[in-house]
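Note on naming: letters A, B, ... go to the chains in the order of the sequence lines (proteins, then strands), and numbering restarts at 1 for each one. Values below: all heavy atoms of this structure, side chains included; hydrogens, waters and symmetry mates excluded.
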Amino acid sequence: MNWFDKLLPPKIKSRGTTAKKAVPEGLWSKCPGCGSVLYYGEIEKNQSVCPRCEHHMRIGARKRLDVFLDPGDRSEIGGDLHPVDFLKFKDSKRYKDRLSDAAKTTGESDALVVLRGSVWGLGVVAAAFEFGFMGGSMGSVVGERFTRGVEASLAGGIPFVCFSASGGARMQEGLTSLMQMAKTSAALTELGAASLPFISVLTDPTMGGVSASFAMLGDVIIAEPKALIGFAGPRVIEQTVRETLPEGFQRAEFLLEHGAIDMIVHRHRMRETIARLLAAMTHQPLKALPCPATES
Amino acid sequence: MNQNYLDFEQSIADLEAKIEALRFLDSSSGVNINDEIIRLRAKSHRLTQSIFAQLTPWQVSQLARHPQRPYTLDYVPRLFTDFEELHGDRLYGDDGAIVAGIARLDDRPVAVIGHQKGRDTREKVKRNFGMPRPEGYRKALRIMHLAERFHMPVITFIDTMGAYPGVGAEERGQSEAIARNLYVMATLKTPIISAVIGEGGSGGALAIGVCDHMLMLQYATYSVISPEGCASILWKSADRASQAAEALGITAESLKRLNLIDEIVSEPLGGAHRDVDAMAQILKSALRANLDTLTRMPIEDLCARRQLRLRQYGQFEDH
């Protein structure tokens, strides 16, 4: 900290640091997997997968949906919903302030974005978590958007896909956030009754209340390579059992080995894999061929 | 310090000790001991009333975890007859942290499922401190299906710190086990009544807590995360648990106000553990009344009503 920072009142200082985080630092960034220094444009072009080690970095909700859905006709579901601080929750920071900070850094109003569009010409409702928004935590708005997404699937007779990236329930909404687990799971029963597929994609990380509700209820469950997936966090488990955790514990590969998920799919193959599955599950022909530029 | 009393109850404990001492005093001492005892008893009663009239959420959560608090198997013989415990998930094992079985409430056959904590060290270990593993949820699920098939209402008792955070639990699909229960309970074709009798700890509680009517004992708690867990994440210190308890709104009163539970079941003065029989009687009449209402509903209406209940959870702005 230099002499000037020391002079600043704390409020201005904290604002300064959050603003810094909001903008990617320059044109270069380091891969968390292999430590290679990569050109930002190169990462962006590669769907945030490291070209050297194939590490799947976290990716924003809109970017995720943008590469997943066909270009063109898309409409947002539940975009007008906004979170409220109904408990007047305050820890070191007010929930209200956390919300507005998260909105500023991510440009989103909450941690889930739901779009109706198509994949390879197949109509679909797709949801994606914005991990940058309070750790992708699930509160009332996430639960409601998810449920409205499912209802849009039902109304349109089209499948539902969700890309999860979440630390779990949002503590700042108290028990109401826990109830979102029940609400979202209940919504899926209607999808099941209508024989509409739900594909759940688990990305890094999918933990807690999100993992213990809709994320594990996919007709097909797909994970991205090395994604951390589980109920209790590794640190909590370590503290409870007081032993070191096995190698690769709670990683996608670990879950596949234990029969918890159907497959691990590389981000570049996600769109075509899901399109193929959905086409088969809804008894439709495959309408389009993968375009090499975006699919591989 | 008297271990039967919590720290905020110590003034009551002192008074009770005085009463106890007087009872054994030689009556030939000339003082009218009986009058004195009656006077002190009344004083103790008033003191208890005044302390319990203004409990903080943190004090309530201590009561919810009181070592003498009645557990599921303390209620079962007081509420039901002909209880037969059923074991195992048919897949892996039998989880002692969740008990389940078939019993009768009055004459009506019901399925009973509840978390179970242990009283002494050996039983605590056997019950894994009331923290279920996937086997527990899957056993519960099996009993729910059984209840549906044989047209028995399900009554669940919630009392857990939460799901067990262990390696094996994760390996065997803790998340899926909880999620599956939420999914199945949402459409189970038989009435479900849940009662939070002690601690309602997060996903481990909710996994047997999707229902048509949610009862909560006066000094029980129900929370998305334990106050300690919340404090250590948000305040970076577990010592701030009392503040976290306040912020999270975990008491029956707060949750009723938020419309997340349906009914508060009042406890005897000083808490359920001060008079377990009385507590069971109060709980029994609440169960009986609600069972009467719910079993009279056509099953389709009941299921539609449950879906609607689940659909409306959440507070947000829509503009």
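In this pair, A:His82 and B:His319 present their aromatic rings parallel. The plane angle is below 30°, not in the 30 to 60° band.
Contact annotation for A:Ala260: neither backbone nor side-chain heavy atoms come within less than 4.5 Å of a heavy atom of chain B. Interface residue A:Lys90: only backbone heavy atoms are found under 4.5 Å from chain B. When heavy atoms are compared at a cutoff of 4.5 Å, B:Val167 approaches chain A by way of both its backbone and its side chain.
Expressed to the nearest 0.5 Å, how far CG of B:Asn181 lies from OG of A:Ser213 amounts to 12.5 Å. Rounded to the nearest 0.5 Å, atoms CZ (A:Phe231) and CD (B:Glu170) are 8.0 Å apart.
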Notebook entry, point to check: Yes or no on side-chain contact (heavy atoms from CB on, under 4.5 Å) for A:Leu175 and B:Tyr313, after CA distance, side-chain angles and deciding distance?
Noted result: CA-CA 10 Å; A:Leu175 193 69; B:Tyr313 284 132; over 6 Å; no
Check: B:Gln174 and A:Ser211: side-chain hydrogen bond (donor to acceptor under 3.5 Å, both in side chains), yes or no, with the steps?
Finding: CA-CA 9 Å; B:Gln174 179 111 278; A:Ser211 144; over 6 Å; no
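For B:Leu310 against A:Ala182, the heavy-atom pair with the smallest separation is CD2-CB, 3.7 Å. The heavy-atom pair separating A:Arg148 from B:Asp318 by the smallest distance is NH2-OD2, 3.1 Å.
Most heavy-atom pairs under 4.5 Å with chain B: of the set A:Lys183, A:Glu238, A:His258, A:Met216, this distinction falls to A:Lys183. Chain B forms more heavy-atom pairs under 4.5 Å with one residue of A:Glu257, A:Lys88, A:Gln180 than with any other, namely A:Gln180. Between chain B and the residues A:Val141, A:Thr147, A:Leu255, the most heavy-atom pairs under 4.5 angstrom are made by A:Thr147.
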